Visitor: 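Would you mind keeping the following structure in view while I ask a few things?
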Amino acid sequence: MKIKVFSLILLSLCITFFSSSKDKIAYDCSSISSSLTKATSNVSISKLVRFQIRKTTSSDRLNIDDIDFHEYLNFSTRDDNMAMGNPSNATTTASNINNYLMAKPQFSLSYNNSKGIPNWVSWHLSSAWKGSALRSNCFAVDKSLPSSFYQAVTTSYSHSGFDRGHMCPSEDRDFSIADNTATFLMTNMIPQSPKLNRVTWVALEKYCRTLISAGDELYIISGGNGSGGSGSNGGTTTTMASGKISVPATCWKIIVVLPNGINDVSRVSTTTRIIAVNMPNTQTVNTLPWYNYRVSVDHLEALLGYDFLSNVPLNIQAAIESTVDIGPTN
Ligand code: MN
Ligand code: MN
């Protein structure tokens, strides 16, 4: 059990939930009104709770018309963007210029100063991150990079033949304007060929959001590998912005799929669905659908030298990292 929602009609009262250790865990629903109003209190706790309803003033009448308890086993939350691990052991030491950890509320990443792009970006996705904020399109320099680091500007990709390809997608962070704005920081971008960014990569991003609509939560990690892509200018491009930004040969992504719940790492089992892909950064990538590019996590670990899902017990990693996903694709 994860969540209880409690609703009732009230006039003037206060409802307080206590955990079994008598700590207040939620309080809500104070109202003074001459008409009946509806109050709801959400409690997210995985142990027993008890509750209290009482008047908050001596003169008002307490009038409870109806009371309901609902239990939502499938309630979504926002969880740690790096819960599954830190694939490259990135650190926040400024001298660690090519594996520099940046943890933001919306996503975490390892920045590579020599490449001018992230090594990887890691984020949690559930319906709790979703809302109705509009796509902000406000690409911006990431001013939280150490000042000695190369900082891509919004025009760094202009005329390169490559798009500013979001790792954590704009549409995965539209709960608020602040969340959406964060995804437009240049540290969340990798040069992607237009056919990759706008066709094949985005198709997998959309598939991920169908999973959260169906009651799953995801842990996603993505980045680039190798050197040299082929964008809309043709040929092979290895760098742009006067050599400051590297163009990867492929873009990879790993997705851990769990039903909504708590204690996520401990719920990863040998049967947990893992979708891993590695897509060429070219203008012909779209000749095949996204699911044709599925690979094993072990394949990506060998290519990149990272340990993905390192917070998962080794015996479970061994099982889920060696297989290629054959699950549904739409
Ligand atoms: Mn994109
Ligand atoms: Mn691993």
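Both counts, for ligands and for their atoms, begin at 1 and track the order of listing. Because the structure is predicted, anything quoted here is derived from the model rather than measured.
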Visitor: Please walk me through it: do K206 and D172 pass salt bridge (Lys or Arg N to Asp or Glu O under 4.0 Å)?
Guide: CA-CA 9 Å; K206 284 183 177 157; D172 283 8; over 6 Å; no
Visitor: Would you call V285 and Y293 a side-chain contact if the rule is heavy atoms closer than 4.5 Å?
Guide: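 The answer is yes, as the side chains (C-beta and beyond) meet within the 4.5 Å cut-off.
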Visitor: If you group Ile, Leu, Val, Met, Phe, Trp and Tyr whenever their side-chain heavy atoms sit less than 4.5 Å apart, what else falls in with L185?
Guide: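 For L185, no cluster forms, as it stays isolated from other hydrophobic side chains.
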Visitor: Look at the N, O or S atoms of Q317, main chain and side chain alike, and state whether any lies under 2.8 Å from the Mn ion (ligand 2).
Guide: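 Yes - counting backbone and side chain alike, Q317 has an N, O or S atom under 2.8 Å.
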Visitor: Test of geometry: compute the angle OD1(D307)-the Mn ion (ligand 2)-OE1(E321) and round it to 10°.
Guide: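 An angle of 140° at the metal.
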Visitor: Pair up each side-chain donor or acceptor in residues 316-324 with any protein partner under 3.5 Å, not counting sequence neighbours, and list the distances.
Guide:
{"residue": "Q317", "atom": "NE2", "partner": "L309", "partner atom": "O", "Å": "3.2"}
{"residue": "Q317", "atom": "NE2", "partner": "V312", "partner atom": "O", "Å": "2.8"}
{"residue": "S322", "atom": "OG", "partner": "A318", "partner atom": "O", "Å": "3.1"}
{"residue": "S322", "atom": "OG", "partner": "A319", "partner atom": "O", "Å": "3.3"}

Visitor: Output the atom name for the N/O/S atom of E301 with the smallest distance to the Mn ion (ligand 2).
Guide: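 Nearest to the Mn ion (ligand 2) within E301's N, O and S set: OE2.
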Visitor: Is it true that some N/O/S atom of F308, main chain or side chain, lies under 2.8 Å from the Mn ion (ligand 2)?
Guide: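 Coordinating: yes.
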